[in-house]
Amino acid sequence: MLGQVFGYSDFRGPQQAIVEHVVAGGDALVLMPTGGGKSLCYQIPAIVRQNAGHGVTIVISPLIALMHDQVGALTEAGVSAAFLNSTQSYEESSQIEQQLLRNELTLLYAAPERINTPRMKSLLTSLNERGLLSLFAIDEAHCVSQWGHDFRPEYRSLSLLHETFPDVPRMALTATADALTRQDMVERLKLEDARHFVSSFDRPNIRYTIVEKTDATRQLLRFIQTEHHGEAGIVYCQSRKRVEEIAGMLEDAGIKAMAYHAGLDARLRQQRQDRFLREDGCVMVATIAFGMGIDKPDVRFVAHLDMPKNIEGYYQETGRAGRDGLPADAWMVYGLQDVVNQRRMIDTSEVASEEFKAVMRGKLDALLTLAEGTRCRRVSLLGYFGEASEPCGNCDNCLTPPAVWDATEAARKMLSCIYRVQQASGISFGAGHIMDILRGKPTEKVVQYGHDQLSTFGIGADLAEPQWRGVLRQLIASNLVRVNTEAFNTLQLMLDAKAVLKGEVSVLLRQQAASTKAERTRRGSKSTVKTSVKGMAEATLNAGALERLGRLKAWRTDVAREHNLPPFVIFHDATLRAIAEQAPQDLHALSSISGMGVKKLAAYGAEVLRVCAEPD
Ligand code: ADP
Ligand code: ZN
């Protein structure tokens with residue numbers, strides 16, 4: 001089935017075990033990183049079970065805007081699939097319902113809010129009565145949990161599935177894996193008896209880089225221009241306003257950038273998403289409203305201009321880079337202000353309970369520790385998901401080990417300054433004021449409060465402000481200092497600060513890491529890493545192959561436009577590359593190329609051979 005329909009020669013990781021278990025009618029919980037290959041885990045069982053007379057597999061997916069392309073990709077591979085959603089007319093929906101009742105479909109995509117409608121319920125009931133309800137596949141299943149980073153209330157109604165159709169097998173799939181969310185999924189979707197399949201969360205082709213924010217806009221521009229010129233990428237920002245600003249700035253710099261956020265009307269969003277998927281080299285500047293389910297394989301970078309809320313969000317968003325297995329970058333800038341903003345959002349949330357806020361603060365702290373840390377980023381990330389690993393050689397900390405300086409003395413100075421100021425004035429002050437005192441700057445405010453008379457005035461004149469900011473971030477990340485966002489972002493000492501004040505604990509800090517391409521290349525690290533990552537050698541094509549690739553891509557663009565689908569749905573870049581390289585002479589040779597299934601060979605094989613052989 002794998003080779004015939006999808007044209008792949010081997011299963012990846014646990015795919016085979018999952019497929020076998022689900023084909024046999026077992027329930028499953030599948031945790032796999034973004035880009036790991038979850039779709040095949042329900043698509044193949046759907047085909048096998050349909051062939052065995054079990055009827056249709058219902059795929060529950062929150063992504064109405066992507067259903068058209070998902071169904072298109074299956075149709076291209078010769079699988080009969082359809083979707084039911086609010087974009088269709090009554091007649092269109094009725095037609096699909098008829099097809100279902102005649103058992104003509106293998107997969108049906110529907111949004112969770114649809115499942116609970118009376119019309120859908122009665123349709124499912126009719127199918128079930130005829131023995132034509134084969135499997136429920138719940139995609140993005142973490143949306144059912146408020147502990148996940150993308151809670152969607154409509155997922156709660158999916159309890160209907162096990163309550164009304166207890167005998168229909170269920171599988172839940174997600175790329176979010178923390179223990180709390182997992183537990184919640186199991187309970188809410190009633191998967192206690194399901195087998196759990198947990199893959200490695202490693203994405204070896206993604207290079208993680210986290211740099212200190214100095215001038216975010218300029219840093220981003222330089223990053224794109226030097227490392228990803230003309231390539232597709234996603235830039236995440238916190239607010240809609242900032243999304244608009246950054247997209248405008250990139251456009252002015254001649255980059256094909258678009259803004260995307262929930263404040264834009266649905267038509268415009270769909271248009272921009274389609275352009276991002278269909279046109280080469282577009283950069284989407286977006287809030288987190290964008291990206292779920294985006295299966296564009298050749299996104300070469302994901303940049304964060306503002307810090308996400310937690311590691312789950314960060315990992316899910318960065319996972320959208322490099323699904324094709326070729327080298328890709330996850331790049332983030334962050335600074336003290338990000339920390340303060342995120343804390344404030346948690347503290348001032350009026351809807352959240354104290355318990356919820358405490359969990360959110362813990363998750364934010366884990367992300368801060370990752371950002372400030374000096375050890376391998378991948379080891380830290382995978383460790384967060386409970387997976388042990390060795391330093392990767394493909395992150396900023398591995399490639400350019402940050403210089404570490406002993407900040408014990410500086411940390412003590414800062415802590416004692418915060419303490420003295422609070423003691424002398426009976427109130428707390430913010431970061432700027434504390435740093436002025438440390439650096440011995442007699443500002444109006446410093447003098448007004450008599451803080452130039454304190455013993456800590458000027459004791460930190462030896463360090464520059466950026467270094468003090470680094471010290472403070474680290475103190476916040478280690479929970480020694482709290483930013484009280486309910487009182488003008490003033491700084492407060494936490495209990496554990498005592499040990500540092502007394503000199504019992506030492507504090508090691510990272511120097512600001514170098515992160516430009518020039519510096520990395522000088523160290524000769526980039527090229528070695530690129531080829532050392534498994535199975536993604538940057539194929540160097542000879543002149544003839546390059547020309548063939550150019551022709552094949554142009555042909556693919558035409559076909560994709562004709563079918564109103566993204567080009568990668570017709571053939572992946574990797575498939576076209578292999579064809580260009582091997583220049584197959586007949587259908588038999590062509591059929592052995594990865595990504596060339598039976599249906600595609602029949603539909604396009606002759607054309608591909610012709611385009612490939614065209615005289616230069
Ligand atoms: P996920 O849903 O887990 O994020 P997808 O199902 O979109 O990931 O798969 C990611 C990419 O990997 C897709 O382009 C898919 O075609 C490809 N893929 C999945 N399984 C295999 C396999 N066994 N062999 C080759 N490519 C695969
Ligand atoms: Zn590393």
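In this text, all values refer to a predicted model and were calculated from it rather than measured experimentally. First listed ligand is number 1; within each ligand, the first listed atom is number 1. Computed from heavy atoms alone, side chains included, the values below leave out hydrogens, waters and symmetry copies.
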Next item on the list: Please indicate how many protein N/O/S atoms are found closer than 2.8 Å to the Zn ion (ligand 2), with waters neither displayed nor included.
Entry: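 Every protein N, O or S atom under 2.8 Å from the Zn ion (ligand 2) counted, the figure is 4.
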
Check: Where do R548 and E581 land on the salt bridge (charged side-chain N to carboxylate O under 4.0 Å, His left out) test, with the steps shown first?
Finding: CA-CA 8 Å; R548 285 191 285 277; E581 208 170 11; over 6 Å; no

Any heavy atom of [X] closer to ligand 1 than 4.0 angstrom?
| X | answer |
| --- | --- |
| G36 | yes |
| M32 | no |
| G319 | no |

Check: When rounded to the nearest 0.5 angstrom, what is the spacing between CG in L220 and CG in L305?
Finding: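 Result: 5.0 Å between the selected atoms.
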
Checklist line | Reported CD1-to-CZ distance for the pair I18 and F11, which is rounded to 0.5 angstrom | finding: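 It is 10.0 Å, given to the nearest 0.5 Å.
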
Run the salt-bridge test on [X] and [Y] with the 4.0 Å N-O cut-off and return the result as yes or no.
| X | Y | value |
| --- | --- | --- |
| R300 | D329 | no |
| D295 | R323 | no |
| K363 | D365 | no |
| D139 | K38 | no |

For [atom], grab the closest protein heavy atom and report residue, atom and distance to one decimal in Å.
| atom | result |
| --- | --- |
| atom 20 (N) of ligand 1 | Q15 NE2, 3.0 Å |
| atom 23 (N) of ligand 1 | D10 O, 2.8 Å |
| atom 7 (O) of ligand 1 | R323 NH2, 3.3 Å |
| atom 4 (O) of ligand 1 | G35 N, 2.5 Å |
| atom 17 (C) of ligand 1 | R12 NH2, 3.6 Å |
| atom 14 (O) of ligand 1 | H572 CE1, 2.8 Å |
| atom 24 (N) of ligand 1 | Y8 CG, 3.4 Å |

Item checked: Nitrogen or oxygen of G37 less than 3.5 angstrom from that of ligand 1 ->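 Among all N and O atoms of G37, at least one is under 3.5 Å from an N or O of ligand 1.
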
Check: Does any N/O atom on D295 come nearer than 3.5 Å to any N/O atom on ligand 1?
Finding: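 Among all N and O atoms of D295, none is under 3.5 Å from an N or O of ligand 1.
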
Checklist line | Check: Y8 main-chain N/O paired with S594 side-chain donor or acceptor under 3.5 Å | finding: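 Flag not set: sc S594 to bb Y8 has no pair under 3.5 Å.
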
Check: D27 side chain to L191 main-chain N or O, any donor-acceptor pair under 3.5 Å?
Finding: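 No, the answer is negative, given that no donor and acceptor are paired below the 3.5 Å cut-off.
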
Compute the ring centroids of [X] and [Y], then answer whether they are less than 6.0 Å apart.
| X | Y | result |
| --- | --- | --- |
| Y208 | W331 | no |
| H304 | Y334 | no |
| H261 | F290 | no |

Notebook entry, point to check: Of the backbone atoms (N, CA, C, O) and the side-chain heavy atoms from C-beta on, which set of S9 has a member under 4.0 Å from an atom of ligand 1: side chain, backbone, both, or neither?
Noted result: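 The answer is neither.
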
Check: Backbone, side chain, both or neither: what part of F11 comes under 4.0 angstrom of ligand 1, heavy atoms only?
Finding: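 Backbone only.
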
Item checked: Pairwise salt bridge (charged side-chain N to carboxylate O under 4.0 Å, His left out) hits with a residue in residues 55-84, at least two apart ->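 Salt bridge (charged side-chain N to carboxylate O under 4.0 Å, His left out) check on residues 55-84 returns D69-R278.
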
Notebook entry, point to check: Any idea how F301 and F223 line up, ring-wise: parallel (<30°), tilted (30 to 60°), or perpendicular (>60°)?
Noted result: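 Perpendicular, since the angle between the ring planes exceeds 60°.
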
Item checked: Enumerated ligand 1 atoms positioned under 4.0 Å from heavy atoms of P33 ->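 By the 4.0 Å cutoff, the relevant atoms are 3 (O).
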
Notebook entry, point to check: Should you measure from each heavy atom of L40, which atoms of ligand 1 turn up under 4.0 Å away?
Noted result: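 In order of number, 19 (C), 20 (N), 21 (C).
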
Notebook entry, point to check: Given G595, S39, P297, C41, which one has a non-hydrogen atom that is nearest to atom 6 (O) of ligand 1?
Noted result: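 Residue with the shortest heavy-atom distance to the ligand atom: S39.
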
